[in-house]
Amino acid sequence: MPLDQYSWQQQVKTLESYLTRAVLNLQTLERAQVSPLHSLKQTPNASKELLSAELEQSIEQNRMRLSEALKYYASLANLEGKPDSFAHARDRSLALASSVVTETERCFERPFRWRLLEDPPPADVNNRLHAVRYLREGAQKLAAFAERKNYDLAVDLSQTVLANRAQQYKASNGGGLGEKDESRKLWDATIQYATNLLPALREQALLLVQSVLKFTDPFYRTGRDGITRFLRVEDLNEFELTGMQATLEESLDAARLQLQDAEFLAAVLDIHVRETIEAMNLILTLEGEGIIEEMTADLRLLAQHDPKTAEQPIMIPNHVEDWDHPGPYSLITIGKRIQSLTGFPDIIRFLHYEGKLLLANPGSASPDRPEQIPLPLLRAHVRLLRQTVRLHTVQRQLTWLVSCDGYLPLSLIERTACGPCADDTGSVGVLHTVEALEDLIEARESSRPVAAGAFPSLRDAWEQAQELIREGERRLSTAKMRGCALVSTVSVSDGKTSTVYGSDARGVPHYLLMNRKQARDSHR
């Protein structure tokens with residue numbers, strides 16, 4: 001029942017219980033300056049100093065919260081006949097008291113958890129039983145965490161992106177490529193791999209959680225009233241106590257490590273879910289903005305102003321062996337290839353290979369003199385450059401999703417997993433060049449005088465962009481999960497070769513745990 005539906009006296013009593021708990025917690029913390037549940041005897045001095053500083057800061061903050069809560073509480077008696085004012089003071093006081101309780105209990109828990117999960121197992125049987133209870137509570141919380149709804153959102157978004165890709169295949173008029181395009185298959189395999197990695201991580205984390213819960217089951221007993229309670233030493237006979245001690249000595253440490261590993265995989269899963277959602281939303285956003293149509297329209301404009309280049313046949317990259325074409329003299333032209341572009345990988349591939357000649361020759365103007373290039377052409381180039389950077393961002397995110405190189409347990413006490421690298425100087429350089437060219441466009445539109453050589457050349461801009469594209473293609477085509485690669489196999493049918501991509505994402509958690517085990521062993 002909501003608090004405001006209780007009588008005035010009951011509301012005050014509830015608030016008093018929170019305040020009493022907050023006061024007692026804070027007093028205990030102030031007396032000890034460290035959690036009474038942990039002596040810190042085996043804690044390194046540097047860690048002691050860090051923990052002590054954090055505790056002092058936390059105590060000071062909680063003193064201020066508690067002082068303010070008590071002021072609001074003291075005002076309640078004068079506000080009994082003023083419902084709105086009373087409700088505000090009550091809720092404010094209750095919120096502050098609750099925050100003190102939560103924060104002080106966190107301060108207690110961290111060293112307690114440190115002792116139970118990181119330090120050598122406690123020798124005393126009662127402390128070992130406390131560890132069992134903590135393991136069970138931690139495993140139950142973790143099981144609920146691994147089932148969070150964002151997981152389903154990430155999978156749904158990935159499936160939506162793959163469904164859109166299938167529609168793009170169907171809408172494509174082929175252009176000599178069709179569904180055999182290598183870059184398309186690699187993109188789809190990458191998205192599918194990222195999607196398959198989610199259940200693999202969650203399943204392994206839950207398996208470890210179930211193992212921990214199974215270990216703790218014998219330490220709980222259901223009474224005649226149907227309530228399951230934790231066993232106490234004084235409730236056991238000598239035979240049961242001996243068996244419990246043996247179980248604790250044999251299996252407690254293994255269960256602690258299993259919970260550590262489950263927490264690590266859950267942290268990886270959480271980061272992977274968030275990054276998958278971000279990457280898929282970015283792809284869907286770009287598709288919704290019509291980036292493919294916009295870039296295709298700009299490429300057509302460039303081809304119209306340079307028909308001589310547009311009529312040249314495209315150059316087939318050496319690594320593409322399954323391109324289906326009748327003969328060497330019927331190769332598709334650059335202009336016709338633009339008409340068939342569909343999907344991000346298709347666009348990126350064209351910019352990387354077949355479109356380089358068109359991009360480097362802006363009509364009859366010199367690419368080194370951007371102030372002489374016709375404004376419509378210059379605008380088209382600048383738009384293409386900016387969108388190329390956005391597509392490169394998608395490539396980087398997809399590469400990171402299947403590489404997992406960012407998952408490193410930097411510390412066994414405060415586990416950290418880092419996401420995609422924020423340092424992308426190549427993209428920043430291209431964007432600076434694009435901004436400079438946009439300034440040039442603005443100057444020409446306003447008829448301001450433009451000095452020769454005052455702005456970057458179009459040739460330099462596209463060389464920067466080409467380097468971005470090459471880096472993205474190289475990373476995406478070689479993305480591997482150490483020991484669990486996104487592998488490709490070549491098959492031959494009717495004299496034609498084709499590449500099939502596949503992966504076993506179920507091996508990824510094993511790789512991560514092996515990496516974690518090595519890090520753990522190196523800290524011993």
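Since the model is a prediction, treat every value here as computed from it, not as a measurement.
In this structure the side chain of Val161 never reaches within 4.5 angstrom of the side chain of Leu157, judged on heavy atoms. Inter-residue side-chain proximity for Thr276 and Thr195 is flagged as unmet; no heavy-atom pair is nearer than 4.5 Å. Contact annotation: the side chain of Leu398 approaches that of Val394 to within less than 4.5 Å [non-hydrogen atoms, C-beta and beyond]. Between Val389 and Arg386 the shortest side-chain heavy-atom distance does not fall below 4.5 Å. Side-chain atoms of Leu96 and Leu66, non-hydrogen and from C-beta on, never get closer than 4.5 Å to each other. The side-chain heavy atoms of Trp187 and Ile348, taken from C-beta on, include a pair separated by under 4.5 Å. Two residues are said to be in side-chain contact when any heavy atoms from C-beta on lie closer than 4.5 Å; Ile291 and Leu391 meet this criterion. When side chains are defined from C-beta on, Gln312 does not count as touching Leu358, because their heavy atoms never get closer than 4.5 Å.
Between the side chain of Ser93 and the main chain of Ala69, a donor-acceptor pair closer than 3.5 Å is present. Using modelled atom types, no side-chain atom of Asp306 and backbone atom of Leu302 make a donor-acceptor pair closer than 3.5 Å. In terms of modelled atom types and a separation under 3.5 Å, the side chain of Ser67 and the main chain of Arg63 share no donor-acceptor contact. Between the side chain of Gln466 and the main chain of Leu351, a donor-acceptor pair closer than 3.5 Å is present.
Side chain to side chain, Gln192 and Asn196 meet the donor-acceptor criterion of an N or O pair below 3.5 Å. Remark: the Glu103 side chain and the Ser58 side chain contain an N/O donor-acceptor pair separated by less than 3.5 Å. Side chain to side chain, Gln464 and Thr433 meet the donor-acceptor criterion of an N or O pair below 3.5 Å.
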Tell me, with the steps shown, if Ile292 and Leu286 meet side chain to side chain contact (heavy atoms under 4.5 Å, CB included). CA-CA 8 Å; Ile292 300 172; Leu286 293 178; over 6 Å; no
Query - Chi angles and distances behind the side chain to side chain contact (heavy atoms under 4.5 Å, CB included) call for Leu198, Leu269 - result: CA-CA 7 Å; Leu198 296 174; Leu269 174 63; 4.1 Å; yes
*Leu468 and Thr388: CA distance, side-chain angles, deciding distance, side chain to side chain contact (heavy atoms under 4.5 Å, CB included) verdict*: CA-CA 9 Å; Leu468 275 188; Thr388 298; 5.5 Å; no
Between Leu259 and Arg256, is the side chain to side chain contact (heavy atoms under 4.5 Å, CB included) condition met? List the steps. CA-CA 5 Å; Leu259 185 58; Arg256 294 186 331 147; 6.0 Å; no
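Of all the heavy atoms in Gln204 and Leu265, the pair that sits closest is CG-CD1, 3.4 Å. Taking both residues in full, the closest heavy atoms of Ala262 and Ala205 are given as CB-O, 3.8 Å, listed atom of the first, atom of the second, then distance. A pairwise comparison of heavy atoms in His392 and Ser427 identifies CD2-OG, 3.1 Å as the closest pair. Among all heavy-atom pairs drawn from Pro345 and Arg165, the shortest one is CG-NH2, 3.4 Å. When all heavy atoms of Ser158 and Met280 are compared, the closest pair comes out as OG-CG, 3.6 Å. The two residues Leu206 and Ala143 come nearest to each other via the heavy atoms CD2-CA, 4.0 Å.
If you take CD on Glu294 and CG on Leu384, they are separated by 8.0 Å, rounding to the nearest 0.5 Å. For the atom pair Trp462 CH2 and Glu467 CD, the distance stands at 14.0 Å (nearest 0.5 Å). To the nearest 0.5 Å, the span separating CD on Glu68 from OG on Ser99 amounts to 9.5 Å. Here Thr333 contributes atom OG1 and Ile338 contributes atom CD1; the two are 8.5 Å apart, rounded to the nearest 0.5 Å. Residue Glu293 holds its CD atom at 9.0 Å from CD1 of Ile347, rounded to the nearest 0.5 Å. Residue Ile191 holds its CD1 atom at 9.5 Å from CG of Asn164, rounded to the nearest 0.5 Å.
Taking the side chain to side chain donor-acceptor pair (under 3.5 Å) definition, one finds that Gln395 meets it with Glu473, sequence neighbours left out. Considering only residues two or more places apart in sequence or on other chains, Glu289 meets the salt bridge (Lys or Arg N to Asp or Glu O under 4.0 Å) condition with Arg390.
Under a cutoff of 6.0 Å and an axis angle of 45°, Arg337 and Phe350 do not form a cation-pi pair.
Under 4.0 Å is where a charged nitrogen must lie from a carboxylate oxygen, and between Arg396 and Glu471 no such pair does.
With respect to Arg379, the salt bridge (charged side-chain N to carboxylate O under 4.0 Å, His left out) criterion is satisfied by exactly one of Glu442, Glu438, Glu445: Glu445.
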